[in-house]
Amino acid sequence: MEKQVWKPGAMLNPVPVVMVSCGSISQKTNIITIGWTGTICTIPPMLSISVRKSRFSHALIKDSGKFVVNLVSQPLVRAADWCGVKSGRDFDKFAEMGLTAVKAVTSNCPVIDESPVNIECTVSQIIELGSHDLFIANIDSVSVSQDLIDSSTGAMDLKKANLAAYCHGEYMALGSQIGKFGFSVRKKKKGN
């Protein structure tokens, strides 16, 4: 396969698109759309977000040490895009996008009620990287919409959330399942 060599850049795609809510529900709140986020540890549960130092949310997160990662369903894509291009210095993003700010379970941080999954976090470390700072955080609580829970088994079905992804400047719907963890090594049942 012939390939072209490009200069180094942010080409790891697709990535989850999330709306990070921050600030204090009793004072100033904000939402920042983040494409650079990820799980970094299972035990203890941890994730990271990268935030440009010039962003309004950077100071809110740094000062409080708290934020909430709100997963973006397809109906929330327009709000996610808008919150990613407008500044919280100039707009109340919750009001502008008709989103509901609800107090988080573990802090005074706002949660986006319309998001199907809210992941409450406490910053444990900030690493300065250049244009962005990496906020490494412990996951304190996860709230999941009742619509995603199977009432008979209690299992969560994230496919029902219709989550969106971000791929090189475009928002994408997640596609159909093409495998399942461990399928490549699973033993075949007799008769197959």
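Scope of the values below: all heavy atoms of this structure, side chains included, with no hydrogens, waters or symmetry mates.
- Within the 4.5 Å cutoff, no side-chain heavy atoms of Cys109 are placed close to those of Ile25.
- Between Ile34 and Ser50 there is no side-chain heavy-atom pair separated by less than 4.5 Å.
- Hydrophobic cluster of Phe181: no remaining members, since no ILVMFWY side chain lies below 4.5 Å from it.
- Closest heavy-atom contact between His58 and Lys53: CD2-CA, 3.6 Å.
- Contacts classified as side-chain hydrogen bond (donor to acceptor under 3.5 Å, both in side chains) and involving residues 87-105 (residues at least two apart or in different chains) are given here: Thr100-Glu114.
- Under a hydrophobic-cluster definition in which Ile, Leu, Val, Met, Phe, Trp and Tyr are linked whenever side-chain heavy atoms come within less than 4.5 Å, directly or via other members, Val15 and Met46 are assigned to different clusters.
- Side-chain contact between Ile61 and Ile49: present, with at least one pair of heavy atoms (C-beta onward) separated by less than 4.5 Å.
- In terms of hydrophobic clustering, with Ile, Leu, Val, Met, Phe, Trp and Tyr side chains grouped at heavy-atom distances under 4.5 Å, Leu71 and Phe67 are assigned to a common cluster.
- The side chain to side chain donor-acceptor pair (under 3.5 Å) check on Ser152 picks up Asp150, with sequence neighbours excluded.
- Qualifying side chain to side chain donor-acceptor pair (under 3.5 Å) partners for Glu2, counting only residues two or more places apart in sequence or in other chains: none.
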Take Met1 and Lys3, measure what side-chain contact (heavy atoms from CB on, under 4.5 Å) needs, and give me the verdict at the end.
-> CA-CA 6 Å; Met1 176 183 311; Lys3 295 189 179 174; 3.8 Å; yes
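- Sorted by first and then second residue, the pairs that involve residues 29-40 and meet side-chain hydrogen bond (donor to acceptor under 3.5 Å, both in side chains), not counting sequence neighbours, are Asn30-Ser57.
- Linking ILVMFWY residues whenever their side-chain heavy atoms come closer than 4.5 Å, directly or via other members, leaves Leu148 and Val72 in distinct clusters.
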Can you give the donor-acceptor pairs under 3.5 Å from side chains of residues 157-175 to other protein atoms, not counting sequence neighbours?
| unit_1 | atom_1 | unit_2 | atom_2 | d |
| --- | --- | --- | --- | --- |
| Asp157 | OD1 | Lys159 | N | 3.1 |
| Tyr171 | OH | Asp81 | OD1 | 2.8 |

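- Here Val5 is tied to no hydrophobic group at all, with no ILVMFWY side chain closer than 4.5 Å.
- Looking only at side-chain heavy atoms (C-beta outward), Ser48 and Phe135 stay at 4.5 Å or farther from each other.
- Among residues two or more places apart in sequence or in another chain, the side chain to side chain donor-acceptor pair (under 3.5 Å) test is passed with His132 by none.
- Taking the side chain to side chain donor-acceptor pair (under 3.5 Å) definition, one finds that Asp147 meets it with nothing, sequence neighbours left out.
- Side chains of Ile31 and Val20 form no contact here, defined as non-hydrogen atoms less than 4.5 Å apart.
- The two residues Ser115 and Leu76 have their closest heavy-atom pair at CA-CD1, 3.7 Å.
- Both Val142 and Val69 sit in one connected hydrophobic cluster of ILVMFWY residues. Membership requires side-chain heavy atoms under 4.5 Å apart, directly or through other members.
- Taking Ile, Leu, Val, Met, Phe, Trp and Tyr as members and joining any whose side-chain heavy atoms lie under 4.5 Å apart, directly or through other members, the hydrophobic cluster of Phe56 also contains Leu60.
- Other members of the hydrophobic cluster containing Val68, listed by chain and number, are Val111; membership follows side-chain contacts under 4.5 Å among ILVMFWY residues, whether direct or relayed.
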Just distance, no hydrogens or angles: give the donor-acceptor pairs under 3.5 Å from side chains in residues 117-126, sequence neighbours left out.
| unit_1 | atom_1 | unit_2 | atom_2 | d |
| --- | --- | --- | --- | --- |
| Asn118 | ND2 | Asn70 | OD1 | 2.8 |
| Asn118 | ND2 | Ile112 | O | 3.0 |
| Glu120 | OE1 | Val105 | N | 3.1 |
| Glu120 | OE1 | Thr106 | N | 2.7 |
| Glu120 | OE1 | Thr106 | OG1 | 2.6 |
| Glu120 | OE2 | Val105 | N | 2.8 |
| Thr122 | OG1 | Lys66 | NZ | 2.7 |
| Thr122 | OG1 | Asp140 | OD2 | 2.4 |
| Ser124 | OG | Ile136 | O | 3.2 |

